[in-house]
Amino acid sequence: MGEQPIFSTRAHVFQIDPNTKKNWVPTSKHAVTVSYFYDSTRNVYRIISLDGSKAIINSTITPNMTFTKTSQKFGQWADSRANTVYGLGFSSEHHLSKFAEKFQEFKEAARLAKEKSQEKMELTSTPSQESAGGDLQSPLTPESINGTDDERTPDVTQNSEPRAEPTQNALPFSHRIFFLFYFSSAISKHWEAELATLKGNNAKLTAALLESTANVKQWKQQLAAYQEEAERLHKRVTELECVSSQANAVHTHKTELNQTIQELEETLKLKEEEIERLKQEIDNARELQEQRDSLTQKLQEVEIRNKDLEGQLSDLEQRLEKSQNEQEAFRNNLKTLLEILDGKIFELTELRDNLAKLLECS
């Protein structure tokens, strides 16, 4: 399955100043995703964080590491392999505690994995040491053919011709290929997940925006109707006040109309507040739309970068294959030369024997 993320959170990433060893230097301008990864093939846990296409944390968890909480929202650990100290600033104490729990859990898992691997190595090394004591002829290995620096004899070093050593670029090529492929796939997966989330949020906000726009139009129509009704009621109140014979009824009706007007004014205020809230939601939706466009552009740039990396990977594979073919041809030529040399030696041996016989006869 390879290396898979098993826990993720967001935090601000810092590193200790290599000069002062006291001050913290921020490595990310904003909070980034920090993930625990597990490599099932090598049984290794790592902490990885990317800021765009740059890996700002790449720390392998070992049993000797310790995660320390220095405050309610800040924690740190030292990585002796990277020769640095990493610091993480979280948004809440809960996130810090969760990260610390996972660190302790994966540290214990790394310790158990190391102990198991050591037990396996001890079990496999014991029978091999017992069998090595009685065997004088060991299988052919690079050390048994060429000898170590202490075991090479003068005859071998003087008479043997220089051997073509295998190229040392194969290992760096494979490492470069692995890291190029891993980081490009990790970055593309990260931005694809971000884009899918933003698309879902954009669809929801678009639906809410359409609904809000329709509600605003409806409330504007209701507001105009309420205003017309209020003007009509004011005119009606004026007409009723002019009728002296119905003064008491007019007063009662006026009171009712005033109450109705107050209720309408309160409803109008509520509608205006609702309109302001909807305007804010529309502004937020526009901001999210701009963020989505920005992330889409970044994803396109990442895809272009991936294509470039794929081209580099193809070129490296072709160069590696060419180098392997050249080595194979060299080996074949060397074998042919050795066969010819053996034939010549055999002919010289026969000639020497014949000359010796002639000398004896004479």
Would you please say whether a donor-acceptor pair under 3.5 Å links the side chains of Ser92 and His95?
yes

Quick check, are the ring centers of Phe90 and Phe99 under 6.0 angstrom apart?
yes

Where do Pro26 and Phe14 come nearest, in terms of heavy atoms and distance?
CA-CD2, 3.5 Å

Under 3.5 Å: donor-acceptor pair, side chain of Ser28, backbone of His30
yes

Which residues satisfy the side chain to side chain contact (heavy atoms under 4.5 Å, CB included) test with Asp315, sequence neighbours excluded?
Gln318, Arg319

Short question: side chain of Thr336, backbone of Asn332 - any donor-acceptor pair under 3.5 Å?
yes

Check whether any side-chain N or O of Ser117 sits under 3.5 Å from a backbone N or O of Lys114 as a donor-acceptor pair, and report yes or no.
yes

With a 4.0 Å cut-off, would you call Asp308 and Arg305 a salt bridge?
no

Are the side chain of Tyr36 and the backbone N or O of Phe103 linked by a donor-acceptor pair below 3.5 Å?
yes

Linked, directly or transitively: Val25 and Leu50 (ILVMFWY side chains, under 4.5 Å):
no

May I ask you to check whether over 12 heavy atoms, not counting those of Lys269, lie within 6.0 Å of atom NZ?
no

Check whether any side-chain heavy atom of Leu88 sits under 4.5 Å from a side-chain heavy atom of His12, and report yes or no.
no

Among side-chain atoms of Arg10 and Thr33, is any donor-acceptor pair under 3.5 angstrom?
yes

Taking CD in Gln72 as the centre, count heavy atoms belonging to other residues, nucleotides or ligands within less than 6.0 Å. Is the count above 12?
no

Backbone N or O of Pro5 within a donor-acceptor pair of the Ser35 side chain at under 3.5 Å?
no

Does the side chain of Thr41 come under 3.5 Å of the side chain of Asp39 through a donor N or O and an acceptor N or O?
yes

Within one Ile-Leu-Val-Met-Phe-Trp-Tyr cluster: Ile47 and Val32, side-chain cutoff 4.5 Å:
yes

Before we go on, tell me: are the rings of Tyr86 and Trp24 under 6.0 Å apart, centre to centre?
no

For Arg111, is there an ion pair with Glu115 - N to carboxylate O distance below 4.0 angstrom?
yes

Within the distance-only criterion (no hydrogens, no angle test), does the side chain of Lys107 pair as donor or acceptor with the backbone N or O of Met65 below 3.5 angstrom?
yes

Between Glu328 and Arg331, is the closest basic N to carboxylate O distance under 4.0 Å?
yes

Would you say CD of Gln297 has more than 12 non-hydrogen atoms from neighbouring residues, nucleotides or ligands within 6.0 angstrom?
no

Please round to the nearest 0.5 Å and tell me the distance separating atom CZ of Phe7 and atom CD of Glu101.
9.0 Å

Working to the nearest 0.5 Å, report the span between CD of Gln76 and CZ of Phe67.
8.5 Å

